Every structure is written in structure tokens, then in C-alpha cells.
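Beneath this line is the structure, given in C-alpha cells, with notes to follow.
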Amino acid sequence: MNLNKQLSVSALALLIASGSAVAQVKKKPAVSPKGKPVAGQLLAKADILPIDKQVIIGKLPNGLTYYIRQNVEPKNKAELYLVNKAGSVLETDDQQGLAHFTEHMAFNGTRDFPKNQMVDYLQKSGVKFGADLNAYTSFNETVYQLPIPTDTAAIFNNGFKILANWAGYVSFDPTEIDKERGVVLEEERLRGKNAQERLQHQILPVLLNNSRYALRLPIGKEDILKNFKPETIKSFYHDWYRPDLQAVIAVGDFDPKQVEELIKQNFSGLTNPAAEKPRTRYTVPPTPGTVVKIATDAEFPYTLAEIVVKHPGTTVKNTVDYMQSVRVQLFNQMLNSRLGELLQKPNPPFLFGRASYGGFLGEQDAFTTIVVAKTPADLQTAVKAVVAETERARKFGFTLTELERAKQDALVQMGNAYKEKDKTRSVNFVQEYQQHFLQGEAIPGIDYEYNFYVNNISKITVDQMNALAGKFISDQNRVVILEGPEKDKAALPTEATLLQWIGSGGQGISAYVDNVSSDPLLAKLPEGTKTVSQVADSLIGTTTLTLGNGLKVILKPTDFRNNQILINGYAFGGSSLASDDDFTSANLASSIIASSGVAQFNQGMLDKKLAGKNLSITPYISETAQGISGNTAPADFETALQLIYLYFTQPRKDNDIWASTITQTKSVLANRSLDPPSVFQDTVSATLSNHNFRDMVTTPERLSKATLDKAFEFYKARFADASNFTFTVVGNFDIETIKPYLEHYLGGLPSTNSKETYKNLKIQPPPGEITKIVNKGVAEKSSVQLVFSGDYEYNDANNIQMDALEEVLNIKLIERLREQESGVYAPGVRASYHKVPGGRYSITVYFGCAPENVDKLIAATLEEIGKIKQNGAQPTDIQKFVAEEARTTREQMKENIFWAGYLGSSSQNGENPDQILQHVGNLEQVTVQSTKDAANKYLSGKNFIKLILMPEKK
């Protein structure tokens, strides 16, 4: 069931996109159960970490490695992966881009699945192309992923045949190669031909020291992709797709012995080339001293500085390595907590700042510091601020209280994984085994890891942590990068000035002061009210309580997760009740309060107060509702309810957070007009809202008129009456055990019986046929959105038909626009519908393409829509939809997050939640005739908006 279409979600996110290759924090081996306990004297020497006994690791005579693990989450499903140690670094000069092209060709014909038969077969089996069936190519590897049902023997067995076909029997039909050229070029256009790509080409030769990695970006070169001969790509496949460089990973709900036999049957016939090429491991050579690169682009909207100090790479193989990885985790957490506190100042020194040590490229690690300035004029302040924090850590170290909090949080994370060890999803194990094959990362299992943490984390001292900063920070093998808008080039510093800022950034600093409070989170416990009504629904296993203050709680105990309870509450009203003059203040209210702490605790103090707790509670205000969303472990359930109580009764008014938010938002808006996708999206939002400013990007003028007083008062008014609220609680709990807590805290919330609800402001697309063309951007790159909309009768029968129409149209457009026209990489269809605040629907077709192909592809899209309107969907496409929807629904009904969303949605829409039990059976309502009727009803074209982004006119 596509719940995203039934829920209204408001979110505010800031995404900082950089063209640089940023070092990522190296993750510990992914959690997986059962190894041996760790002895207390373990770290006396570097003992090799054991291999989890639950995984079967073997090797065929031809050199192919396999990993097999039985795992029942999710039930009746397996994750099958083919991992190849073959990526773009292995390409010859005339093969650039063909490692990635090979990945594409694996889906376009193999020995046993000619042309598109593989994708077609899997879709009929309930496997969705893209979302489930997928692959990726990187510098060093190409990985194919195949989630497949295990409850049908023929389908499951064929999964291994498919992996074997990828491994050694790709056809490389010249006709299919020529068809796929356009698709790969469109992928390059979709993901590239923008400021990030142009900056990347300037920066990577410096960052990667002109190594093989700088010369072998996976997407390759356009002229090669257009013109290579079939023999060239076959040569790459012959040389590098070979058993001694391949691994099969199978994790899922199956018999391991049967799987091992299937692997032997399907992969033993693969052979290695007679004259094998050596598999070179490429590195990035160190750079003496410091190298600086300043890069600009006309369409880059931020001013960004990055300091990358490269170090020899590490792979966790023994106990000493593992202990060091724990220290690094703690170091990164503590340092970034300090940087986060700077953002809570009324005039924060930067827009975004982070520093961390982790894995890099070419067998290197790196300590990477990145900062985004509010404006070019603020760059010096931003750079010095992040450098000052790293220098503060180097000169004065961390405090004992900081370290103890970080240890508590690390133990909570590890403890949560340990408690969920029998509910770990199969894909988590796959990712772990993949790193074991590719990098040699240890896979000791969650029992071992948990015991390691419990027995050894206390041995980590402040002195050990303080030594890390001195080790990580250096002016050797260092690259300093500066990126900014072309228009601000004259205002950017010189290389010498930038280095001077970095060198002087730590002058005059003092030791960090860790402000903590010993006050209890909630000073006075509320009296609460008792349950006045308790109604059970045995069909779906829920119980609805009505408390004395009028608040309702829908409870669904589950055993899907051991250490999770999801809590969500809503009441109708939202920002729709704000006047136009007060809307901007009201729209900021929930994000401001959520960042300000509660009662006497500011956000920094609250974070410290909650150290070692496994919970997250956040208030929100959407257009039509206000509420609370969050999650907690059973052990922290009472603390979560205390936080909810405080967000209702003692929200905190923080002038610093308000000033910081306004400053940062204005900074983000300042250069928004430089970024073509942002300009296009602003036009989309304006058009689809009929130019209602509430659904458009805010302006500096509106921000200047907003006030904290108005935001705070609006928030308090939205949460003044608990009698309007309905909460859902889903997860591992006993109803009678948690009932007193619910009565105590939720029952103690204020109640006025105001019976408020939302206003229908009718913010919706205008009627009629409209075309909007935006000319923005220097690259030959276009984006298209085609929007059909109208009134909608919201019910389960119509929703199923809308879902079916979305999927069959998705299938047809992939076939037509991608496979036949070769003019689009990833066309998509998104159908949305809602009952609140009024019944409306929209169906959006979206794709990126070459500007010269816009009209042709729009015409092809409308032609495919016309075919469905004329003839209905093809039975085979209906079969694919039904198979995918049935499988997805059965899986989702075993997840807490599904039930939390579904129960809340059913309550908001006034629906009987029991109808979910008939959903799979109701899929038989989708027929050729029903899809024809739906297409004519919802895709009539009476309300049709074309939105097109084109390059700037020359």
C-alpha cells in the first residue's frame, strides 16, 4: 500500500551539495549476530577478530567466493547479490565508462534471458525494477542486487540463474548496445551537466593527486559512450567479470544447504580467462605539504571550504583496529557536537560545519573539515570557526563528561542492535559481507561486537581521545578546496590568504566548557486523568483508549521489533488557521520550538540531558494539523512521554535559535536564483499552488516581518487543547503496563474542548491547460513535469485504481521513453491523492532529457496515455502491478512504521482500519476495463499543466 499518498507530511530540510569528494565516516562492520564473548584481557595484543559462525563462507574451484546466511527478516524473501571486484579504475583509455555500461547491458540480454525478458520475468514475480532490482558501478566494484521471493521454488531458483547470467553470460547484442547508448548518456545528463560536475572536474585532479581515480570517473567519457565498438566492452567483460574476482551473497528465509547447492550448480561452470590480467590495487599518492584549489561556477549557490588531510588507510581486522574504530567514532561524535552548538548562536559563524575522520579513496583515510559560509564576506569567519574547534580539541582535548556521554550514546546504539539481532533485515548482512569480500573488513557478529563494547569501552581514556586530534590534524598530505559562485570570484581569498586563515584559526582559543544541568527533566509530575473508554479491535489487534481529558490513543502491540515503540499524535488545525499576515511566523513555529529545547533546558542542554537515552520526539505543524512524531525504546518510554508533555505545556522561547534560523534561511535564499533546478522548482511550486504564497518559497521580505512572539504564540495555541488529539502507539509493549503512563502524561495534558479543525484554503493547481517554460542554466539539459489534477472521491476502491494507473503508466513510459526512444534515463510517474482538506488528486509524469527531445518525448508520453485511455492497460502490466503491490503490502504489514502511518491515516480520513485486511484481495478489482475508466477519468487533460526547464536562450 502506498501510504505516502494518504499522509500529509511537512518537512524542512537544508541540503548542501558539493562537487567535492568528501571523506565519509568509516562504518563499523554492520551488525550481525552470534559470536563468542570477549575476554577482559582481549586488547593485550592484536587478536584477529573471529568470523561470525552464522555465515557460511565458501569458495568454488574456479575461485568464486560465496556467503550464505539464513535470516527470516523479512519472511519469505531473500537478498541475492553479485559482487564484482571490477570497477572503472580497471578501464583502459578506450574503455572509459564501459564498466558502468556493462552493468546496464546485464539487464538488456543474457544467455538465458534475451533482450528485456529478465526484467519482464522479475516484474511478474513481484520484483520492481529500480526500487528492488538494481545495480551500481563504482571505482573498484560493480554490484548487482536482486531481492527475490523464496516462497515459490521456481522463482527463487531462477534468482541464482539470473546472478550467474550476470556473472558470465551477458550477450552484448550490438543492437541492444546501440539502444542503451542513449540511456547511459541521459543518465550522465541527469546526474551531471551541472555546477557540481563542473566543479568536480576542476577539483578531483588536485584532491586525488592526478591518480587513476581522478582519470576514471565511473560515468566515463561522452565520445567513448557514443562510439565504442562492441568488441571493446566485451573485452572489459572478458577480462574482469571472472570467478576469482566475484562473490555471491545470499541472505534470507531459505535452507542454506539448498542455496549452497544452487550456487554450485549455477556458478561452477564459469571459467577464468586463460591469460588473466593482474587485478591492480590503485592508490592515491601522498601530496607533500598542502595543495590549494579554488574553483568557481556560475550556477553554484554556496561558498564552501574543505580541508582534507589524508592518512594511510585502515581496515578493521583485529582487536586493536576495532578499538581504534570505536575511539574514532567517539571522536567524531564529540567534535561534531561542539560544531552543532555553534549553530545555536544568534549569529552562527557558518551555515553548515562538520569535521570527521573516516575512509577515503585509494587505500587512504582522511580527516575532512567542511564548512559552508553564509556569504562570501563571511567565509573568513566560517573557516576560522571550524578550524578553531578542531584546534581546541587538539590543544585542550575533550572533557570527561563529554566522553562519558559519547560512550553512553555508543552503548545505546550497539545495545539497540544487539536487542534487535533476531530482527535484523537481510540487506544489513549483505552489506557487511560485501565489505568483507571487497575490503577484508572483519565480520565478527553482533554478540561479539556487543560484548566488545561492554567490556572495553570503559577502558578508553580522555588522554587517548585527546591524542587523536594531534594525529589527524596536519599540514602534510593536505588539500584545501574552496568552491563558490563565479559572480563572487573577485571577493574570494587568494590561496595565501586562505592558508593564513587556517593557520591562525586557533589563535586565542580557550578550553571547551561543558555546560550541563543536574535538574530533572520534569520537575513536577502531572496528575493525569483515567481512561474513560477502552475499545478493542481483534481483527487488526488494536485497542483505543479515550482518556479523561478527551485525548484518544490507538494502541497496537507488535513483535516486529524488540526495542522500538513509535509514537505519533495529531489534531486538526495547522497553519491553515494562521492569518496571511502571520503565516510566515506560524510556518516557522514548529521547527523553531523543536530546535529550542524545553522548559529551562536549551537544545544543547536537552541533548546532554538525554544522553544514553534511545528516543526522539519532535513537534510539527503542517497545513492542516499539528502534532508529535517520535520513537523510543521500551526502557525510555516514560521519558518520551515526559518530553511530549513538555512540548505541550512548557515549549521554550529561544531568541538565539530564532535569530540563527532567520540568518541561515536568508543566507540560503541569497543565491537560490543561481541554481537552475531550484529556479525551476520555484516555478513549479508557484504554478501548482496557483501562486498562493503559502506553498511557495518564502522571501527575505516575509522573513523580515516574521517575529518570534507570533511564532511562539501560534505554537502554544495549536497545542493548548489535547482533547482534539489522537495518538497512535505501535511497537513492543504491553497495554496494561504502559496504560498508567499514558494516563499520567497524555491524560495530564490541558483540555479546553475547543473542537477546532482545519480550514480548506483550496491551495490547488489552477484549472485548464497551462504551459510554463523556464529558461535557466548553461548546460544542454531539460526537465519536464506533466501534471494532471482534479477533484477526487477518496475511498479504497478509487485508491487502488489510482495506484494501478500509476504503476502501469510507469511501466509503459520506461518501455517507451527509456527502452524505445532511448531519450530518458529514469522517467517516473507519481500519483497522489488526499481527503484532507478536500478530495483532490494529481498525477505527475517527470523526466529529464536533452532540450531538443522535449517535444518528442512529451508527445510519446501523451501517446502512451492515449493508448491506456483507448484500450486499457495490458493484462501483463496489470499482473506486474498486482504482484508488486501484494508482495509489498504483505511485507509492510510486518513493520511498525507501516502500522503507525496507516492507523494515523485511517483516523484522519475517518476510515475503517480493518479494510487493510482485504487490500490484497481487492487487487482483483484492477482490470483492463477499470484501468481504461481510470485513465479517462483522471488523465482527461481538462486540467493539464506542462512545466518545462530549458537552457538559457543564447
Side-chain angles (χ1 to χ4, degrees), residues 25-55 57 67 69-73 251 314-334 403-436 441-461 464-465 559-565 610-616 631-637 731-732:
V25 179
K26 180 175 285 186
K27 297 179 181 178
K28 304 184 305 300
V31 295
S32 63
K34 298 178 183 173
K36 297 178 179 178
V38 178
Q41 302 86 356
L42 182 65
L43 300 179
K45 63 181 188 305
D47 294 328
I48 298 297
L49 293 171
I51 291 177
D52 184 0
K53 291 183 178 180
Q54 299 302 305
V55 58
I57 303 177
Y67 299 77
R69 184 193 185 98
Q70 184 179 28
N71 189 60
V72 296
E73 291 293 333
V251 182
T314 55
T315 300
V316 176
K317 295 184 177 182
N318 58 47
T319 53
V320 171
D321 299 332
Y322 195 32
M323 193 64 166
Q324 181 69 353
S325 75
V326 177
R327 295 190 190 99
V328 169
Q329 177 192 3
L330 299 175
F331 175 88
N332 289 338
Q333 180 178 338
M334 291 189 291
L403 179 57
E404 289 307 310
R405 279 198 308 275
K407 288 179 179 180
Q408 289 177 38
D409 287 337
L411 283 169
V412 165
Q413 294 175 27
M414 182 58 68
N416 190 48
Y418 180 74
K419 291 172 184 176
E420 299 287 3
K421 65 181 182 178
D422 62 327
K423 303 295 174 64
T424 304
R425 296 183 68 85
S426 295
V427 69
N428 292 357
F429 294 110
V430 171
Q431 292 166 355
E432 178 183 358
Y433 304 153
Q434 180 178 316
Q435 289 309 305
H436 181 266
E441 288 277 358
I443 48 173
I446 186 59
D447 280 347
Y448 185 96
E449 293 187 63
Y450 175 73
N451 281 289
F452 188 101
Y453 266 67
V454 169
N455 291 333
N456 292 290
I457 200 168
S458 62
K459 300 174 184 176
I460 296 176
T461 66
Q464 290 174 349
M465 297 305 304
D559 59 0
F560 306 146
R561 297 283 296 274
N562 298 325
N563 204 40
Q564 182 187 71
I565 300 176
L610 297 176
K613 300 288 186 181
N614 191 357
L615 62 88
S616 173
N631 63 81
T632 179
D636 297 317
F637 184 70
N732 185 16

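We use all heavy atoms of the structure for the numbers below, so side chains are in, but hydrogens, waters and symmetry mates are not. Note that the structure is predicted; figures quoted are calculated from it, not measured.
Looking at heavy atoms from C-beta onward, Met465 lies in side-chain contact with Phe331 at the 4.5 angstrom threshold. Counting only heavy atoms from C-beta outward, the side chains of Val412 and Lys613 never approach each other to under 4.5 Å. Annotation: side chain of Val326 is in contact with side chain of Ile460 (closest heavy-atom distance under 4.5 Å). Residues Thr319 and Asn456 form no side-chain contact, since every pair of their non-hydrogen atoms from C-beta on lies 4.5 Å or further apart. Counting heavy atoms from C-beta outward, Met323 and Phe452 have side chains that approach closer than 4.5 Å. When side chains are defined from C-beta on, Arg69 counts as touching Asp52, because their heavy atoms get closer than 4.5 Å.
Here the closest non-hydrogen pair linking Phe637 and Thr632 is N-OG1, 3.6 Å. Closest of all the heavy-atom pairs between Ala406 and Gln333 is CA-NE2, 3.7 Å. Contact detail for Asn732 and Arg561: the closest heavy-atom pair is CB-O, 3.4 Å. Heavy atoms only, all atoms of each residue included: Glu420 and Gln564 are closest at OE2-N, 3.9 Å. The nearest pair of heavy atoms linking Thr315 to Asp321 is O-OD2, 3.2 Å. Across all their heavy atoms, Asn562 and Pro634 have their closest contact at O-CG, 4.0 Å.
With sequence neighbours left out, Gln324 forms a side-chain hydrogen bond (donor to acceptor under 3.5 Å, both in side chains) with Arg327.
The structure places CZ of Arg425 at 11.5 Å from CD of Gln431, a figure rounded to the nearest 0.5 Å. Atom OG1 of Thr424 is separated from atom CG of Asp422 by 7.5 Å, given to the nearest 0.5 angstrom. Taken from CD1 in Ile457 to CD in Gln408, the straight-line distance is 10.0 Å, to the nearest 0.5 Å. To the nearest 0.5 Å, atom CD of residue Gln434 and atom CD1 of residue Ile443 are 12.5 Å apart. With values rounded to the nearest 0.5 angstrom, Glu73 atom CD is found 10.0 Å from Phe429 atom CZ.
No option in Leu49, Ile48, Val55 other than Val55 meets the side chain to side chain contact (heavy atoms under 4.5 Å, CB included) test with Ile51.
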(request) I would like to know whether Gln329 and Gln413 meet side-chain contact (heavy atoms from CB on, under 4.5 Å); could you show each step before the answer? (result) CA-CA 12 Å; Gln329 177 192 3; Gln413 294 175 27; 3.6 Å; yes
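The backbone N or O of Asn416 lies less than 3.5 Å from no partner atom in the side chain of Asn563, so there is not a single donor-acceptor pair. In this structure a side-chain-to-backbone donor-acceptor pair under 3.5 Å is missing from Asn631 to Ile565. For Asn451 (side chain) and Asp447 (main-chain N/O), a donor-acceptor pair under 3.5 Å exists by modelled atom type. Between the side chain of Lys419 and the main chain of Ala633, no donor-acceptor pair closer than 3.5 Å is present.
The aromatic rings of His436 and Tyr67 sit perpendicular, their planes meeting at an angle over 60°, well past the 30° parallel limit.
A side-chain donor from one of Asn71 and Ser426 sits under 3.5 Å from a side-chain acceptor of the other.
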